[in-house]
Amino acid sequence: MAEAKQVERPLSPHLQIYRPQMTSFSSIMTRITGNGIIVGVLLLVWWLLAAATSPDYFNFVNAIATSWFGDLVFTLSLLGVWYHYLAGIRHLIFDAGKYMDIKSAEMLGWICTIGSVVLTVLTLIIIQF
């Protein structure tokens, strides 16, 4: 029987080798915000279920949802929604084969990042009125 010959393959590059780029940051943030939105949705669903359960239980959950922790979760979820939305548009632009050069791809990453912060602040201002 023939002996199995060990094939020498190159080692994969590690994160320490690469300089972080806006395109990789944007890709990672899209995944993080997509999963982070789930936390806000879970808190919202818990609040709605509590409202359907009993007044005492609703008061307990409402105290959590309207506390600093709830405000933080909902604000970060709002930021996540805006970022995920803008990153989705960015992805559709890439799917169309547009703005694929490095400079344009980085520009779209910055637009997603800055745009999501601006839209979050504007949304919070509008909600307060």
Side-chain angles (χ1 to χ4, degrees):
M1 188 162 242
E3 289 185 31
K5 191 173 188 181
Q6 189 74 6
V7 178
E8 290 191 33
R9 295 186 176 142
L11 294 175
S12 295
H14 300 286
L15 291 175
Q16 295 90 352
I17 294 173
Y18 289 117
R19 175 181 66 85
Q21 300 172 350
M22 178 47 78
T23 52
S24 61
F25 171 78
S26 182
S27 177
I28 292 166
M29 285 304 296
T30 302
R31 288 165 176 77
I32 290 172
T33 56
N35 288 309
I37 292 168
I38 294 171
V39 177
V41 169
L42 288 174
L43 183 58
L44 177 64
V45 168
W46 186 32
W47 183 77
L48 290 172
L49 288 173
T53 304
S54 71
D56 291 334
Y57 190 57
F58 175 73
N59 289 334
F60 169 71
V61 176
N62 192 48
I64 295 171
T66 57
S67 70
W68 67 268
F69 177 74
D71 289 344
L72 179 66
V73 168
F74 287 133
T75 301
L76 290 177
S77 292
L78 178 62
L79 177 66
V81 166
W82 279 120
Y83 189 90
H84 210 73
Y85 175 74
L86 294 175
I89 292 173
R90 175 180 172 259
H91 191 76
L92 287 173
I93 291 170
F94 288 160
D95 284 347
K98 308 288 184 192
Y99 302 106
M100 297 294 286
D101 60 288
I102 294 173
K103 186 175 181 179
S104 297
E106 287 187 359
M107 177 194 65
L108 288 176
W110 280 110
I111 289 172
C112 288
T113 304
I114 295 168
S116 63
V117 171
V118 169
L119 289 170
T120 300
V121 170
L122 288 176
T123 304
L124 291 173
I125 290 170
I126 291 170
I127 288 172
Q128 297 300 319
F129 292 113

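In this text the structure is predicted, and so the values were computed from the model without any measurement.
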Find the distance between CZ (Phe60) and CH2 (Trp47) and round it off to the nearest 0.5 Å.
15.5 Å

For the atom pair OG1 (Thr30) and OH (Tyr83), what is the distance rounded to the nearest 0.5 Å?
4.5 Å

Locate the shortest heavy-atom distance separating Leu43 from Gly70; write the atom from each residue and the value.
CD2-CA, 4.0 Å

How close do Ser67 and Ile64 get, counting heavy atoms only, and between which atoms?
OG-O, 2.7 Å

NE2 on His84 to CZ on Arg31, rounded to 0.5 Å:
9.5 Å

Surrounding CD1 of Ile102 (heavy atoms of other residues, nucleotides or ligands, distance under 6.0 Å), is the total greater than 12?
no

Could you tabulate the donor-acceptor pairs under 3.5 Å formed by side-chain atoms of residues 110-124, not counting sequence neighbours?
from, atom 1, to, atom 2, distance (Å)
Thr113, OG1, Gly109, O, 3.0
Ser116, OG, Cys112, O, 3.0
Ser116, OG, Thr113, O, 2.8
Thr120, OG1, Ser116, O, 2.6
Thr123, OG1, Trp82, NE1, 3.0
Thr123, OG1, Leu119, O, 2.6

Hey, could you give me the CD1/OG1 distance between Ile127 and Thr75, rounded to the nearest 0.5 Å?
8.0 Å

Under a 4.5 Å side-chain heavy-atom rule over Ile, Leu, Val, Met, Phe, Trp and Tyr, are Leu48 and Val61 clustered together?
yes

Could you grab the distance from atom CE of Met100 to atom CG of Asp95, nearest 0.5 Å is fine?
8.5 Å

Distance-only, no hydrogens or angles: does the Ser27 side chain make a donor-acceptor pair with backbone N or O of Ser24 under 3.5 Å?
no

Do Leu108 and Lys98 have side chains that approach each other closer than 4.5 Å (heavy atoms only, starting at C-beta)?
no

Shortest non-hydrogen pair, Ser26 vs Arg90, comes out as OG-NH1, 3.1 Å

Is there a path of hydrophobic side-chain contacts, each under 4.5 Å between heavy atoms of I, L, V, M, F, W or Y residues, that connects Ile32 with Met22?
yes

Linked, directly or transitively: Leu72 and Phe74 (ILVMFWY side chains, under 4.5 Å)
yes

Can Val73 be reached from Leu76 by stepping across I, L, V, M, F, W or Y side chains whose heavy atoms are under 4.5 Å apart?
yes

Min side-chain heavy-atom separation Thr53-Phe58 under 4.5 Å
no

What residues form a side-chain contact (heavy atoms from CB on, under 4.5 Å) with Ile38, not counting sequence neighbours?
Asn35, Leu42

With ILVMFWY side chains joined below 4.5 Å, transitively, what does Ile37's cluster contain besides itself?
Val41, Val45, Leu49, Val81

How many angstroms lie between OG1 in Thr33 and CD1 in Ile28, if you round to the nearest 0.5 Å?
12.0 Å

If you count every heavy atom of other residues, nucleotides or ligands that lies below 6.0 Å from Tyr85 atom OH, does the total exceed 12?
no

